[in-house]
Number of protein chains: 2
Amino acid sequence: MKILIIEDERLLADSLCTLLEGKGFDVEAVYDGETGREYAMLGIYDLLILDVMMPGLDGYQVARQVRTARCSTPILMLTAKSGVEDRIEGLNAGADYYLTKPFDSRELLACIHALLRRQGAQVDEMTFGNTALDLGTSTLICGEKSIRLSAKEFDVARLLFQSRDRNLSKEAILARVWGYDSNAVENHVEVYVGFLRKKLTAIGSDVRIVSVRRLGYHLEVLMEC
Amino acid sequence: MKILIIEDERLLADSLCTLLEGKGFDVEAVYDGETGREYAMLGIYDLLILDVMMPGLDGYQVARQVRTARCSTPILMLTAKSGVEDRIEGLNAGADYYLTKPFDSRELLACIHALLRRQGAQVDEMTFGNTALDLGTSTLICGEKSIRLSAKEFDVARLLFQSRDRNLSKEAILARVWGYDSNAVENHVEVYVGFLRKKLTAIGSDVRIVSVRRLGYHLEVLMEC
DNA sequence: GGTAAACTGAAAGCAACCTTAAATTTCTGA
DNA sequence: TCAGAAATTTAAGGTTGCTTTCAGTTTACC
């Protein structure tokens with residue numbers, strides 16, 4: 001998670017860096033609006049923390065220019081200006097959140113998490129080995145390659161990716177995918193596991209669906225020999 | 001744009017309704033947390049405005065339960081509680097913005113626009129592949145060519161352009177375009193997807209509406225062979 | 001080596017989806 | 001207000017490809 005801080009007060013910028021780096025973020029700081037705008041437009045950041053009052057290009061202008069350039073990185077605007085007018089101007093300039101100084105560091109972190117959460121809500125996926133199951137597009141993804149799953153294939157895959165390396169019985173899969181009272185038989189599961197295995201190898205995944213006699217299936221990462 | 005207000009003070013709820021309806025939003029209000037949670041989970045709203053202090057289920061609990069149910073509708077939390085702790089709790093419960101009463105109506109509108117903007121519901125246009133959906137004129141644009149959409153066609157198109165390559169179930173389209181309590185059937189969606197496909201090819205778009213059996217529809221850019 | 005479990009491929013069945021066209025409702029301009 | 005156009009709904013029939021079935025083969029374990 002890369003965060004860019006645009007803040008001319010070095011002391012505050014530095015303490016923010018320390019705080020966020022301590023929380024595991026990858027942080028960069030710049031100390032004026034011009035530079036901030038240039039960095040922000042690289043589009044490589046997951047979040048911008050932007051001060052309003054800066055010499056030269058101020059925060060509102062930076063936000064407006066970043067948005068005009070169709071860069072949609074979330075912006076957390078941070079400022080001593082606490083007037084309603086200022087907050088409105090900030091939000092309308094393209095900011096996603098307006099936080100007034102002085103602020104509580106826990107509140108800042110909660111804001112950051114809220115913004116990143118929304119950012120990440122776009123793609124919901126489960127990963128195992130080098131492979132991801134995308135819940136939004138119902139596809140298996142491995143590096144460049146990806147392959148779409150049918151509805152039933154997806155249901156089975158989701159159960160397996162949930163259980164990961166823990167065993168999942170055929171009865172459990174039957175009950176949850178076909179329904180407890182359906183007249184589906186265990187061979188259905190076998191056929192669908194076959195489908196999934198084919199698709200996993202097709203995209204070059206290192207994930208294997210291992211069957212354990214009488215106990216069911218679980219995922220494993222293929223070891224190189 | 002459908003907004004759900006969850007607020008037990010009827011006076012405030014009603015004045016919010018009036019304000020937002022005046023701005024062209026489609027607003028519904030409910031007056032307790034239980035009902036609010038149920039309505040919110042329908043997943044048919046573009047935004048929730050949620051009061052914290054309510055008898056029974058409070059705003060924090062509603063937010064938490066809605067998020068637990070994997071419902072990602074943006075939440076604007078609105079409350080008289082102004083303490084830092086409260087703001088942190090609200091954000092961590094799943095809110096996207098925390099606004100303290102009393103608030104300026106222009107600030108509220110700025111927040112709403114900021115949240116909807118991030119949601120992907122741009123005010124001007126939404127693009128996918130070589131094609132744009134103009135929200136002002138409700139037309140599909142591809143290079144020189146453009147074609148006008150009817151009201152329902154536009155509603156369906158907007159949902160698809162919002163979801164982009166993520167699956168959108170027919171159920172969800174039905175609920176959000178025809179209303180969850182209408183007696184519309186899935187064939188309506190099929191017919192309208194047919195209309196949109198015809199119009200997309202008519203303007204030479206490289207965007208395809210792909211159907212995934214049992215899971216719904218999503219957009220894809222046609223690959224050259 | 002025998003047995004039970006698991007796997008595979010091919011073909012049939014069927015639900016989901018698409019298309020079309022006509023009927024109905026809503027909108028629009030004179 | 002009314003006629004005509006546009007939009008929406010309804011319904012039937014065609015098509016697709018997911019799902020199921022099943023028989024034959026392979027694998028694992030005793």
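Lettering follows sequence order; numbering is per chain, from 1. None of the values given here were measured: they were computed from a predicted structure.
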Problem - Inter-end axis angle, the helix from C:dG1-D:dC30 to C:dA30-D:dT1, with every axis fitted to five base pairs (rounded, 10 degrees) - result: 40°
Completion exercise
Comparing nearest nucleotides in DNA chain D, the 5'-proximal residue of the pair B:R148, A:K152 is B:R148
Practice task
Could you tell me which residues satisfy ring-ring contact (aromatic ring centres under 6.0 Å, His included) with A:Y98, sequence neighbours excluded, listed by chain and number?
Solution key: none
Handout entry: Of A:R67, A:R117, A:R118, the residue whose pairing with A:D96 passes salt bridge (charged side-chain N to carboxylate O under 4.0 Å, His left out)
Key = A:R67
Fill in the blank from the handout: What residues 155-180 of chain A contributes to the DNA chain C interface at heavy-atom separation below 4.0 Å is A:K170
Exercise for the section: Give me the ring orientation class for B:F161 and B:F128: parallel if the planes are under 30° apart, tilted from 30 to 60°, perpendicular past 60°. Expected result: perpendicular
Handout entry: Sequence neighbours excluded - salt bridge (charged side-chain N to carboxylate O under 4.0 Å, His left out) pairs with any residue from residues 140-157 of chain B
Key = B:E153-B:K199
Problem - Within residues 186-198 of chain B, residues whose heavy atoms come under 4.0 Å of DNA chain D - result: B:N187, B:H188, B:V191, B:Y192
Practice task
List for me each residue that meets side-chain hydrogen bond (donor to acceptor under 3.5 Å, both in side chains) alongside B:T79, sequence neighbours excluded, and say none if there are none.
Solution key: none
Practice task
For the pair B:T201 (side chain) and B:K198 (backbone), establish whether a donor and an acceptor sit closer than 3.5 Å, ignoring hydrogens and angles.
Solution key: yes
Exercise for the section: Under the side-chain hydrogen bond (donor to acceptor under 3.5 Å, both in side chains) rule, collect the residues that match up with B:N187, sequence neighbours excluded. Expected result: B:E190
Problem - 5' precedence on DNA chain C between A:L215 and B:S211 (nearest-nucleotide basis) - result: A:L215
Practice task
Return yes if some donor-acceptor pair links the side-chain N/O of A:S163 with the main-chain N/O of A:R166 below 3.5 Å, else return no.
Solution key: no
Fill in the blank from the handout: Outermost contacting nts on DNA chain C, any atom under 4.0 Å from chain A heavy atoms, listed 5' then 3', are C:dA4 to C:dG9
Exercise for the section: Taking ring-ring contact (aromatic ring centres under 6.0 Å, His included) as the test, write out the residues that go with A:F154, two or more places apart. Expected result: none
Completion exercise
Residue set satisfying ring-ring contact (aromatic ring centres under 6.0 Å, His included) with B:F195, at least two apart, ordered chain then number -> B:Y192
Exercise for the section: Mind checking the CD1-CG spacing from B:I209 to B:L196? Nearest 0.5 Å is all I need. Expected result: 4.5 Å
Handout entry: Outermost DNA chain D nucleotides near chain A [under 4.0 Å, heavy atoms]
Key = D:dC18 to D:dC29
Exercise for the section: Measure from the side-chain N and O atoms of B:D46 to the backbone N and O of B:K2, and report whether any donor-acceptor pair falls under 3.5 Å. Expected result: yes
Practice task
Classify the nucleic acid contact of A:A151 as base, sugar-phosphate or nothing, counting any heavy atom under 4.0 Å across all strands shown.
Solution key: sugar-phosphate
Handout entry: Expected output: side-chain B:Q61 to main-chain B:D58 donor-acceptor under 3.5 Å
Key = yes
Practice task
Between B:R213 and B:V185, name the one whose nearest nucleotide on DNA chain D is closer to the 5' end.
Solution key: B:V185
Problem - Results of ring-ring contact (aromatic ring centres under 6.0 Å, His included) for A:H188 - residues two or more places apart only - result: A:W178
Exercise for the section: Using a 4.0 Å heavy-atom cut-off across all strands, classify A:F154 as base, sugar-phosphate, or nothing. Expected result: nothing
Practice task
Measure the CG-CD1 distance between A:N130 and A:I203 for me, rounded to the nearest 0.5 Å.
Solution key: 7.5 Å
